[in-house]
Amino acid sequence: IADAGLEGNTTVLVWSDHGDYAGDYGLVEKWPSGLEDVLTRVPLLIRTPGGAKGHRVKSMTQLFDVTATMLDLAGVKINHTQYGHSLVPELHGAQGDMDRVVWAEGGYSTNEPNVFEGRCNDPFERGICDKKSIWYPKGRQQQEEPLSVCRSVMLRSLEYKLIIRSDPTSPDHHFELYDLKKDPRELHNVYDQPQYKSVILDMTNKMFKWLLQTTDVTPFKEDPRGPPNWPPTKAHQTPFTVDYFNPEGALEIDWHA
């Protein structure tokens with residue numbers, strides 16, 4: 001960038017989408033509902049013209065913030081619903097909101113078996129069913145113990161991490177709270193300890209509000225095609241084809257039928 005003479009107007013970001021178990025908790029790779037810091041805490045390095053050199057931000061951030069930050073740096077007005085915070089003030093030396101909480105989710109519900117790994121009747125998953133595959137144990141675990149990968153939501157502050165795991169077959173499946181100051185490796189679940197009741201109530205309330213506020217979005221602009229005609233007029237009653245992932249081919253729907 002310097003050789004090209006662009007360092008005065010170029011921002012460079014380096015980050016990762018997730019971490020991996022590297023023997024942590026006796027595990028390797030990753031897990032769809034894993035929410036430990038070794039998976040969710042990722043590097044984020046940003047170099048931007050005029051930025052504070054060597055500045056390390058200690059407040060909580062999340063990858064949602066990358067989009068908002070880049071648009072802010074580029075002077076592009078956001079015209080879609082998004083939930084990130086611009087980190088431009090932090091890039092120039094601010095520490096950010098030390099009370100901020102960040103969010104992550106993962107896992108599958110038992111009412112959507114099509115997304116579990118290890119589906120031996122699915123051509124895209126048959127490799128995992130080979131006992132010689134390094135992913136075979138992972139797929140088998142999900143098929144035999146589906147609740148071990150049930151839907152999970154995490155809220156994390158600088159001090160605490162709350163995790164809620166739930167499924168239609170087990171609504172109150174598992175709850176976790178970690179005191180990160182005393183237990184940074186997340187080895188001791190203190191959810192059931194009475195002295196943390198107020199912390200749990202506060203973080204559960206914040207989690208509920210986050211899920212409520214981000215449940216659905218609508219586009220800023222109306223689709224120029226307008227709403228669909230229903231029932232379809234005669235002019236629209238023409239056969240059309242819908243393609244989807246089906247090894248036997250596409251499904252044809254004929255309005256004349």
Side-chain angles (χ1 to χ4, degrees), residues 17-42 60 62-64 83 100-122 124-125 128-129 135-216:
D17 59 340
H18 61 79
D20 276 305
Y21 298 117
D24 309 271
Y25 314 103
L27 301 171
V28 295
E29 216 224 347
K30 59 183 185 295
W31 190 248
S33 61
L35 294 167
E36 297 88 353
D37 270 11
V38 294
L39 298 184
T40 59
R41 186 177 181 180
V42 298
M60 301 297 295
Q62 52 191 358
L63 292 181
F64 291 156
Y83 303 105
R100 186 183 181 190
V101 292
V102 294
W103 175 85
E105 67 173 342
Y108 314 127
S109 172
T110 53
N111 61 14
E112 48 184 5
N114 56 300
V115 299
F116 281 76
E117 296 172 284
R119 304 183 309 277
C120 296
N121 60 344
D122 187 324
F124 296 102
E125 289 283 315
I128 295 180
C129 294
W135 290 290
Y136 172 75
K138 182 180 182 182
R140 181 176 177 181
Q141 168 77 16
Q142 293 184 30
Q143 292 299 316
E144 294 183 354
E145 301 289 341
L147 290 180
S148 68
V149 70
C150 71
R151 287 195 177 189
S152 306
V153 182
M154 176 201 85
L155 202 70
R156 190 196 193 283
S157 68
L158 287 172
E159 295 185 75
Y160 301 102
K161 176 183 288 189
L162 174 70
I163 299 174
I164 304 295
R165 304 185 188 277
S166 180
D167 186 80
T169 65
S170 181
D172 299 320
H173 183 63
H174 195 58
F175 303 93
E176 300 166 46
L177 180 74
Y178 298 100
D179 186 333
L180 300 174
K181 295 292 186 181
K182 298 179 180 179
D183 179 29
R185 296 178 62 191
E186 302 168 66
L187 297 176
H188 306 288
N189 181 8
V190 296
Y191 187 89
D192 291 327
Q193 294 188 18
Q195 64 266 38
Y196 291 98
K197 183 176 180 180
S198 62
V199 174
I200 293 170
L201 182 62
D202 177 62
M203 295 195 74
T204 302
N205 187 35
K206 290 177 179 177
M207 180 181 287
F208 170 76
K209 290 177 179 178
W210 169 264
L211 292 171
L212 177 64
Q213 293 166 12
T214 61
T215 295
D216 198 8

Check: Looking only at atom types and distance, does a side-chain atom of Ser152 sit under 3.5 Å from a main-chain N or O of Cys150, one as donor and one as acceptor?
Finding: yes

Next item on the list: Give the ring-plane orientation class for Trp210 versus Phe64, where under 30° counts as parallel, over 60° as perpendicular and anything between as tilted.
Entry: parallel

Note to self: With rounding to the nearest 0.5 angstrom, report the CE to CZ distance, Met154 to Arg156.
What the structure shows: 7.0 Å

Checklist line | Any donor-acceptor N or O pair under 3.5 Å, side chains Gln141, Ser148 | finding: yes

Next item on the list: Please round to the nearest 0.5 Å and tell me the distance separating atom OG of Ser170 and atom CZ of Arg165.
Entry: 12.0 Å

Notebook entry, point to check: Does any non-hydrogen side-chain atom of Met203 lie less than 4.5 Å from one of Met207?
Noted result: no

Notebook entry, point to check: Looking only at heavy atoms, which two atoms of Thr169 and Leu147 are closest? And how far apart?
Noted result: OG1-CD2, 3.6 Å

Checklist line | Sub-4.5 Å side-chain heavy-atom contact between Arg151 and Ser109 | finding: yes

Margin query: Tell me whether Glu125 contacts the main-chain N or O of Gly118 through its side chain, where contact means a donor paired with an acceptor under 3.5 Å.
Written below: yes

Next item on the list: State the CG-CD distance between Leu187 and Glu36, to the nearest 0.5 angstrom.
Entry: 10.0 Å

Checklist line | Heavy-atom check, side chain of Val149 versus side chain of Gln142, under 4.5 Å | finding: yes

Note to self: Contact between Ile163 and Val153 at the side-chain level, heavy atoms closer than 4.5 Å - yes or no?
What the structure shows: no

Note to self: For a salt bridge (charged side-chain N to carboxylate O under 4.0 Å, His left out) check, start with the C-alpha distance between Lys161 and Asp37, then their side-chain angles and the critical distance, and finish with the verdict.
What the structure shows: CA-CA 10 Å; Lys161 176 183 288 189; Asp37 270 11; 2.8 Å; yes

Check: What is the minimum heavy-atom distance between Pro168 and Asn111, and which atoms define it?
Finding: CG-ND2, 3.8 Å

Check: What are the two closest heavy atoms between Leu177 and Tyr196, and how far apart are they?
Finding: CD2-CB, 3.6 Å

Checklist line | Check against side chain to side chain contact (heavy atoms under 4.5 Å, CB included), Ser166 and His173 | finding: CA-CA 5 Å; Ser166 180; His173 183 63; 5.5 Å; no

Check: CH2/Trp31 to CG/Asp20 distance, rounded to the nearest 0.5 angstrom?
Finding: 14.0 Å

Next item on the list: May I ask you to check whether over 12 heavy atoms, not counting those of Arg119, lie within 6.0 Å of atom CZ?
Entry: yes

Notebook entry, point to check: Distance only, no hydrogens: is a donor on one side chain within 3.5 Å (strictly under) of an acceptor on the other, for Tyr178 and Asn189?
Noted result: no

Check: If you measure from CD1 on Ile128 to NZ on Lys138, what distance do you get to the nearest 0.5 Å?
Finding: 7.5 Å

Notebook entry, point to check: So do Tyr160 and Leu180 actually touch side chain to side chain, heavy atoms under 4.5 Å?
Noted result: no

Next item on the list: First locate atom CG of Asp172, then atom NE2 of His174, and finally report the distance between them rounded to the nearest 0.5 Å.
Entry: 12.0 Å

Margin query: Please determine whether the number of non-hydrogen atoms from other residues, nucleotides or ligands lying under 6.0 Å from atom CZ of Arg41 exceeds 12.
Written below: no

Item checked: salt bridge (Lys or Arg N to Asp or Glu O under 4.0 Å) contacts in which one or both residues fall within residues 190-201, not counting sequence neighbours -> none

Item checked: Tyr83 OH: over 12 foreign heavy atoms closer than 6.0 Å -> yes

Check: Under 3.5 Å, side chain of Gln62 to main-chain N/O of Trp103, donor-acceptor pair present?
Finding: yes

Next item on the list: Please lay out, stage by stage, how Tyr25 and Val38 fare under the test side chain to side chain contact (heavy atoms under 4.5 Å, CB included).
Entry: CA-CA 10 Å; Tyr25 314 103; Val38 294; 4.2 Å; yes

Note to self: Any heavy-atom pair between the side chains of Met60 and Leu158 that's under 4.5 Å?
What the structure shows: yes

Notebook entry, point to check: Between Tyr191 and Phe175, does the ring centre distance come in under 6.0 Å?
Noted result: yes

Notebook entry, point to check: So do the side chains of Phe116 and Pro146 get within less than 4.5 Å of each other, counting heavy atoms only?
Noted result: yes

Notebook entry, point to check: Closest approach of Ala104 and Leu35, non-hydrogen atoms and distance?
Noted result: CB-CD2, 4.0 Å

Note to self: Taking Cys120's backbone N and O only, do any of them form a donor-acceptor pair with Asp122's side chain (distance below 3.5 Å, no angle check)?
What the structure shows: no

